[in-house]
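Okay, so here's the structure we're looking at.
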Amino acid sequence: MQFTALQIATLIKGSIEGNPDAKVSHVAKIEEAGEGSLSFIANPKYEEYLYTTNASIIIVNDTLEVIEKVKPTLIRVKDAYSGFASLLEKYNEMMSRSGKNGIEQPSYVSKTASIGKNVYIGAFTYVGDNVLIGDNVKIYPGCYIGDNVVVNEDSKIFAGVKIYDGCSLGARVIIHSGSVIGGDGFGFAPQNDGTYRKVPQIGNVIIEDDVEIGANTTIDRATMGSTLIKKGVKLDNLIQIAHNAEIGDNTVIAAQTGVSGSTKLGKNCIVGGQVGIVGHIQIADGTRINAQSGLSKSVAEPNTALTGSPAYDYKSSLRSQAIFRNLPELQQRIFKLEEMVEQLTALLNNQGVKQNQ
Amino acid sequence: MQFTALQIATLIKGSIEGNPDAKVSHVAKIEEAGEGSLSFIANPKYEEYLYTTNASIIIVNDTLEVIEKVKPTLIRVKDAYSGFASLLEKYNEMMSRSGKNGIEQPSYVSKTASIGKNVYIGAFTYVGDNVLIGDNVKIYPGCYIGDNVVVNEDSKIFAGVKIYDGCSLGARVIIHSGSVIGGDGFGFAPQNDGTYRKVPQIGNVIIEDDVEIGANTTIDRATMGSTLIKKGVKLDNLIQIAHNAEIGDNTVIAAQTGVSGSTKLGKNCIVGGQVGIVGHIQIADGTRINAQSGLSKSVAEPNTALTGSPAYDYKSSLRSQAIFRNLPELQQRIFKLEEMVEQLTALLNNQGVKQNQ
Amino acid sequence: MQFTALQIATLIKGSIEGNPDAKVSHVAKIEEAGEGSLSFIANPKYEEYLYTTNASIIIVNDTLEVIEKVKPTLIRVKDAYSGFASLLEKYNEMMSRSGKNGIEQPSYVSKTASIGKNVYIGAFTYVGDNVLIGDNVKIYPGCYIGDNVVVNEDSKIFAGVKIYDGCSLGARVIIHSGSVIGGDGFGFAPQNDGTYRKVPQIGNVIIEDDVEIGANTTIDRATMGSTLIKKGVKLDNLIQIAHNAEIGDNTVIAAQTGVSGSTKLGKNCIVGGQVGIVGHIQIADGTRINAQSGLSKSVAEPNTALTGSPAYDYKSSLRSQAIFRNLPELQQRIFKLEEMVEQLTALLNNQGVKQNQ
């Protein structure tokens, strides 16, 4: 199957620079693209490939400046990454197996569960009592859907996801393999003899529409009430969200980050990987937190950028980090100063003596 | 179902402050509690809600000082969190489904396995050869219990837990979904050609009584002997415990922490989230380790508090962290000093010249 | 079953020091070894046990210096750890159950899947359309092998592993329980209204020969092309490898480390636990990265050692860390200097006045 630059430009509403009849038969990363490849450049780091690639067509940002001769046909759009994403979606639809459907055997579906139309339930998946599964939901093999769980329409749950009883998923939610939704929150009351008494966790997890959750991520149920993952949130792999936390609309969190109990993140935050966020704090909308940071205090000002552990203002923190590297030199300068001041003092004392004579 | 303050106070042996006939029908977090709610305040951060909440009854600590007029009925106990926990337990018992029981089909139970009384084995759970399952054990769907595993009475294994052959669990152990017990330790002998040779891991994991393990946590089997999780230990989600490690009685570890091979933690330690602990060290009883710390040396003194990476004494470390933030200013002061000392030196040299004239 | 020192020395080509007829019946860690135990000492930290252990035979390095009288028979080999590993392998073979075989029921194997000879497929394992399984492959219970996956000969996949469609595994690959291979890369294009649009991930994961992957690790499929885990790589538990990353031959990575998208690690690198590596960078062959480091820049020079977050040269970084601990004292010295310089200035001004008089 081949497409011309003109066909593609029409699909993604782009403008053509070069030969509108250039043809592509497959997609490839710009580093690996050869004759007949369609590729894209969104990250300036990859612009150098523009002049060396053998790709036939490249989707680029409107703002890209071309400083040398370019062989491939360019298609300019406002946002090359989004434009390419929308093309991939169409490609994905065309190429994909017609879509899994029906209830594979053996599986376990409680008689009291209610299953919508056009649903796929893979083999070895367990659907408990009173579960509600919406239309077009796909649940891959080996999943566990506990009693009283709700999964709304068009959601996709990949193989081996475990959802504890009473949790609820919105529409168009995607959960990748191995993630655990609704395990008990980590709540123990210390006793006088040094042991701990488990605090029952009787709340649940609510995941709103259009959320995507990566592989092997864990989201604990609330002690009471709900742990809340709001609309459009994107969580990467191996993330920990503790009991009663709340993640605001369209907030994006990279892999291996942990959010402690009862902490509330605002909307449109961007959190890097391996970040740790302490419990019981509030993070304002639009906060950006650098990878590996440790947040121990609330962030009141929206759109703040933070880094470090403990984290604070991004720019100041970078300055301190730069000086940290120079500490050995700085220490030497202090030692030098001490020596000079000592000499000066000695000299002055000496003079003093002379003057007193 | 409604309860009065008097009934609750009797159950948890508390003293009533306010109307003993106040009625509640459900539990709620203090931030969300409305008319008819029972709530609790244990953390001083939440005391402010005391004066604004619409909760009908609140369980509080004996020591709480009330400084304004309070609308809800208070029930004072020594430890509000424990008091509330014990109430939740009773509530949980009343509300919970009468409890899963029996062997769901399809499941796989080896003929050589021995299954106690009143056991639940969920569908798609695999029970290998010579496995011993004690009375009242609940194993949720989709678990894998390898050959020769022992699970003692009253333990609860949630959906999708994998336990490799030869591991052993005490009584009243709880393991949450997706955790892996007894995978091979990470042991490889470097060869001359740059490859690695696997060192067979022929030990196991022993988990003692009353341990709770969160979701997607991994505990590796010992190379030889046993990786040991002792009585009353509580592990959160996504924790890594490497081969031959030992975690002492009642030690509590928060999410995403890693303990490297052959390291031994003492009793009653409290370890924050995302902590890393190097291999082959000993950590004394009662050690407290702050979140995101990195421990590279043994801790000999019991009840030490540590923070930082590399971690050391909590208070000193906080002082260094505070100065770290001020490094840019401190560097300026050093530059200023250098300038002043240079001027002084010049001045003195000048004077010296004059005096020599 | 008993073995003599002579038999063991012959097997691993070692030289005997002591009684060649000494007998052992089992293996044990040196700290726990008693009469009749075979043990080994490779790490100098454990040499002290040489003089106190009751082990009957110990395998040691050629280079070990014995400074006191030693009771056990020693067997010296060039590399005690490798020697012991090879013995454990033989022991493991002798002791192990004759090896799982055949297809347990119930399992799900697509009619279009092709299954080699001498294969084990555990109960509740799912094998999708067009899957190719090589000879002697063992797939434990509860695994998910998606459509079009290839698993080459002699590979071992433990319980509950999930492999998404289209991924490919080499020969002699080992994957531990709960790991997820080929989940979607974390790619979302930000939209003007603050929401994110999913970028379809149409690539796959390729795992080459002799790779071992720990428990609950996640390796995401490429957006386009392949995420690549090359020959002989060893990954520990709970590791995150993002889309389009590449890990070079024989590189070893410890638990809880994360490698971001499109980053390429060279051959023979050694990466500690809880390390974070930013996306789109290149790490030279033989790079060693200390635990908990954060790498934000490419490493061009092979065999560099790095530590810290942000990470840089190991030795310089340790110096800065040492001074960091002394910051409070260093700050005091700066304050002291300021005081002295002020006094000197005052003194000189004073003198100046005097001299002007």
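In what follows, chains are A, B, ... by sequence order, proteins preceding strands, each numbered from 1.
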Considering only heavy atoms, which portion of [X] lies under 4.5 Å from any heavy atom of chain B: side chain, backbone, both, or neither?
X	result
A:S296	neither
A:T217	backbone
A:V275	backbone
A:S177	neither
A:K198	both
A:Y196	both
A:Q343	neither
A:Q292	backbone
A:L327	side chain

Is [X] in contact with chain A via its backbone, its side chain, both, or neither, using a 4.5 Å heavy-atom distance?
X	value
B:L235	backbone
B:S86	both
B:K45	side chain
B:L238	side chain
B:I253	backbone
B:N43	side chain
B:A28	backbone
B:P328	both
B:D79	side chain
B:Q105	backbone
B:N268	side chain

Side chains of B:N237 and B:N216: does their closest heavy-atom pair fall under 4.5 Å?
no
Do side-chain atoms of [X] reach the backbone of [Y] as a donor and acceptor pair under 3.5 angstrom?
X	Y	result
B:E89	A:P200	no
A:T345	A:V341	yes
A:T227	A:A222	yes

Can you measure from SG (B:C143) to NZ (A:K162) and round to the nearest 0.5 angstrom?
9.0 Å
Could you tell me which of [options] has the largest number of non-hydrogen atom pairs under 4.5 Å with chain A?
options	answer
B:P141, B:G272, B:G232	B:P141
B:A123, B:P106, B:G122, B:S309	B:A123
B:Q321, B:E32, B:K234, B:Q331	B:K234
B:G160, B:A42, B:A159	B:A159

Return the orientation label for the [X] and [Y] ring planes: parallel under 30°, perpendicular over 60°, tilted otherwise.
X	Y	result
A:Y108	B:F124	perpendicular
B:Y46	B:Y49	parallel
A:H176	A:F158	parallel
B:Y120	B:Y140	perpendicular
B:F40	B:F84	parallel

Just give me the residue among [options] that pairs up with chain B most often, heavy atom to heavy atom, under 4.5 Å.
options	answer
A:G142, A:S262, A:G194	A:G194
A:G183, A:G182, A:S260, A:P310	A:P310
A:R319, A:M340, A:Q256, A:Q191	A:Q256

Dump the intermediate steps for side-chain hydrogen bond (donor to acceptor under 3.5 Å, both in side chains) on A:H280 and A:T263, then the final yes or no.
CA-CA 5 Å; A:H280 300 277; A:T263 280; over 6 Å; no
When you look at [atom1] of [X], are more than 12 heavy atoms from neighbouring residues, nucleotides or ligands closer to it than 6.0 Å?
X	atom1	result
B:K156	NZ	no
A:N192	CG	no
B:E31	CD	yes

Less than 4.0 angstrom from a charged side-chain N to a carboxylate O is my criterion; do A:D165 and A:R221 meet it?
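Judged by the 4.0 Å cut-off on N to carboxylate O distance, A:D165 and A:R221 do form a salt bridge.
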Stacked cation flag B:R325 on A:Y312, 6.0 angstrom / 45 deg:
yes
